Structures are given as structure tokens and as C-alpha cells.
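Working notes, structure below.
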Amino acid sequence: MDIREMIESVVQEVVQSMKLEKEKENLGKVLFVFCDSSAHEPFADQFIKLKNSKIDFDILFLDGETSSWLGMQRIESSGSERVIAADEYSPAPIELAMDYDGIIIPEIDLDNAARVAAGLKGTIKAEIIFSAIMLQKFVLVGGDSPGIKRSDRRCLKTLSLPAPYQKRFYSYIEQMKELGIEFLPQMSLGEAVIQKFARKLDDVQPTCESDIKENKLALENKAIFKKKLLTHDWIESQAHFPDNSIYLSKGTIISPLAKDLLKEKKLTVRFVEKG
């Protein structure tokens, strides 16, 4: 291996390790969908809570008539805590939910509620919710929405639906609840996200003391790699591995070259609790 290949290999391992470490330290990622680029301002405190709870989030703004964009117009995430851009090269709205654990819609209007309740698409909000439900991702919607788009409220100078439309809007909300969509006060959405990830953590933690003791007994006399990054060179330096297994502390990052060598040597990777 010449020096250029060696440098390239090291850089690739470091970059991959940084990405994996970032993924491991965060509990998950959600998408907030706002009607326009000023609608997110009241949620600043909620975003701080999410960040402090190690939950990533992206923000999608639907200014003006962009809620009708489909076809040539597509959506692309520009990264955690950043605005999502739209162009013809990015993934389609229906693909967005694939990259998130949950979708947050602080405000929904009569038109989108009707589409979602009927299982229709045709707008970005309806399409994102449709794909999230299909992928069994959680969907949280602001329950104190007036049912009128922000742009329509500004244009028509009115803040509430007339009684016939209001009755229909509430009926759509009940139908959306039947689809598994949760409705909460807008200012409680961030806390609801945090609680969902807290329950997710509880589900994966060992709860039975006998199981923990069993794991400890099984690991007696086994060599456990306790560093943060498992590299190709470290594996090569080992004379042998008991029972063809390598025991790693939870959170250990495996470099790409190390992964290839593990496959080549037919070693089984087993993760154990630290300590």
C-alpha cells in the first residue's frame, strides 16, 4: 500500500467513525413541517429541549403555494437543525419519512386534514403523513390548529372556520386519530417527542436481573475490546480470538476496514454493557 492509499484509508476511517459516533450519541431524528418560514419561531424553546435531549430535528417550510408542490419539485434535507431545501434533484416528499423516526405537523388545515382522513395525497403534508403511516412512524399534529392555512388567515382576515366547516374539520380529526395520528397542544409537541424516545430507551434496556447476571457469567474470561474505535490494525495484531468471537463494549465504533477484516476472518461481533 503506497502512502496515498494509506492516507485515504485513514481519512475514510476517521470520517466514518465521526459519522457513526454522531449517530450513536443521538437518540433519533424527527421532522417538523411548518406552514411558512416564520411559523417555527414560537418553537425555539422546544428545539432547545430536543437538542439537550440528544434528539435531532430537521425543519421543512412550506411558504406560499409550496404545499402543492409535486412532480418536478422535490424536497431535500440539508442536515439536523437546518432548513430543508427544495429542488429537482432531491428525494420526493413520499420518501422523506424514511429518514425520520417521527413527523411533527404543528398546524394542519381543513384541506390537508380531509386528504389525510381519506387516504389521499396531492399536497406535501398529506404525502409525508401518508408515507409516515405506511412506514409505521409516529405522527404528532397540533391539536389547537384553527383549520385555516396561515396564508388564508392573512388574506381573508379571519381566524376561525365557520360552523359547518368547523364540524367537518373535527370529524376529519377523529378519522385521523383512527389512523394512529396523535393530536396534542402545539406547545407540548416537543415534550411529547422526548417522552416517545424515553419510552423507546426503556424498551431496549434489560429489565430482568437474572438476564443481567447471565450475561455477566457468559462473559467471564472473555477478552473485551474497551476502546472507542476498533481498527483493522488492532484485529491483525491479535494472535487468536476465543470461540471466534470479538467482544466490544456498547458504543464501540467499527471502522470500514475493520468490518471487512471481521468478515474475512469470519469473526462474530458481540456487544456487551460497559463496566
Side-chain angles (χ1 to χ4, degrees), residues 18-63 66-67 69 73-87 89-109 112 116 123-145 149-150 176 179-204 251:
M18 291 172 64
K19 287 181 179 178
L20 289 170
E21 192 165 1
K22 175 68 175 174
E23 290 174 2
K24 286 178 180 295
E25 70 182 21
N26 290 312
L27 300 180
K29 190 175 183 181
V30 296
L31 174 66
F32 280 81
V33 183
F34 289 103
C35 295
D36 59 48
S37 52
S38 63
H40 72 296
E41 293 169 1
F43 293 81
D45 289 349
Q46 297 193 51
F47 294 152
I48 292 172
K49 288 181 180 179
L50 290 174
K51 189 174 181 180
N52 290 342
S53 300
K54 298 187 181 298
I55 298 172
D56 279 346
F57 56 89
D58 284 345
I59 302 173
L60 170 60
F61 294 139
L62 301 177
D63 284 278
T66 56
S67 57
W69 285 348
Q73 298 293 339
R74 295 166 180 265
I75 302 171
E76 181 179 23
S77 167
S78 59
S80 178
E81 302 175 43
R82 299 181 185 178
V83 177
I84 288 180
D87 61 42
Y89 302 106
S90 50
I94 197 169
E95 298 177 282
L96 262 185
M98 298 171 69
D99 297 326
Y100 299 93
D101 297 288
I103 304 296
I104 319 300
I105 313 280
E107 195 170 327
I108 196 162
D109 55 87
N112 279 292
V116 173
T123 65
I124 287 180
K125 278 187 181 177
E127 188 134 339
I128 291 173
I129 293 175
F130 173 82
S131 60
I133 292 173
M134 291 294 292
L135 295 169
Q136 298 184 343
K137 307 295 181 75
F138 68 82
V139 180
L140 304 181
V141 177
D144 41 4
S145 171
K149 290 185 177 75
R150 286 165 63 92
M176 292 170 69
L179 295 172
I181 298 171
E182 298 177 59
F183 285 79
L184 300 162
Q186 292 180 5
M187 293 300 105
S188 301
L189 292 171
E191 190 63 38
V193 172
I194 293 170
Q195 289 176 4
K196 281 191 172 293
F197 282 104
R199 287 198 293 270
K200 182 179 175 183
L201 273 180
D202 291 340
D203 290 341
V204 299

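Bear in mind that the values here come from a model prediction, so they are computed numbers and not experimental data.
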Say you draw a straight line from [atom1] of [X] to [atom2] of [Y]; how long is it, rounded to the nearest 0.5 Å?
{"X": "F34", "Y": "E41", "atom1": "CZ", "atom2": "CD", "answer": "10.0 Å"}
{"X": "I104", "Y": "L189", "atom1": "CD1", "atom2": "CG", "answer": "6.5 Å"}
{"X": "L96", "Y": "D58", "atom1": "CG", "atom2": "CG", "answer": "9.0 Å"}
{"X": "I105", "Y": "I181", "atom1": "CD1", "atom2": "CD1", "answer": "8.5 Å"}

Looking only at heavy atoms, what is the nearest atom pair of [X] and [Y], with distance?
{"X": "S38", "Y": "P42", "result": "O-CD, 4.3 Å"}
{"X": "C35", "Y": "K125", "result": "SG-NZ, 3.3 Å"}
{"X": "L31", "Y": "Y100", "result": "N-CD2, 3.7 Å"}
{"X": "R150", "Y": "D36", "result": "NE-OD2, 2.8 Å"}
{"X": "D99", "Y": "K29", "result": "O-CD, 4.3 Å"}
{"X": "A132", "Y": "I103", "result": "CB-CG1, 3.8 Å"}

> How would you list, by chain and number, every residue that makes a side chain to side chain contact (heavy atoms under 4.5 Å, CB included) with S53, sequence neighbours excluded?
Replying inline: I55, I194

>> If the condition is side chain to side chain contact (heavy atoms under 4.5 Å, CB included), which residues does F130 pass it with, not counting sequence neighbours?
In response: I94, K121, M134

> Which residues pass the side-chain hydrogen bond (donor to acceptor under 3.5 Å, both in side chains) test with E191, sequence neighbours left out?
Replying inline: none

> Which residues pass the side-chain hydrogen bond (donor to acceptor under 3.5 Å, both in side chains) test with E107, sequence neighbours left out?
Replying inline: R153

Would you check if the side chain of [X] reaches a backbone N or O of [Y] as a donor-acceptor pair within less than 3.5 Å?
{"X": "T123", "Y": "N112", "value": "no"}
{"X": "Q186", "Y": "P106", "value": "yes"}
{"X": "D101", "Y": "V30", "value": "no"}

>> Applying side-chain contact (heavy atoms from CB on, under 4.5 Å) to I108 and I129, what does each step give before you reach the verdict?
In response: CA-CA 11 Å; I108 196 162; I129 293 175; 4.2 Å; yes

>> How about CE on M98, more than 12 heavy atoms from neighbouring residues, nucleotides or ligands closer than 6.0 Å, or not?
In response: no

> Is there any side chain to side chain donor-acceptor pair (under 3.5 Å) pair reaching into residues 128-144, and which pairs are they, with sequence neighbours excluded?
Replying inline: none

> Can you find a heavy atom in the side chain of M176 that is under 4.5 Å from one in the side chain of V139?
Replying inline: no

> Can you check whether I124 reaches L60 side chain to side chain, under 4.5 Å on heavy atoms?
Replying inline: yes

> Given I59 and F47, is the side-chain contact (heavy atoms from CB on, under 4.5 Å) satisfied, shown in steps?
Replying inline: CA-CA 10 Å; I59 302 173; F47 294 152; 4.0 Å; yes

> For K54 and F197, what are the C-alpha separation, side-chain angles and deciding distance, and is it a side-chain contact (heavy atoms from CB on, under 4.5 Å)?
Replying inline: CA-CA 10 Å; K54 298 187 181 298; F197 282 104; over 6 Å; no

>> Tell me every residue that passes ring pair (Phe, Tyr, Trp, His ring centres under 6.0 Å) with F138, counting only those two or more places apart in sequence or in another chain.
In response: none

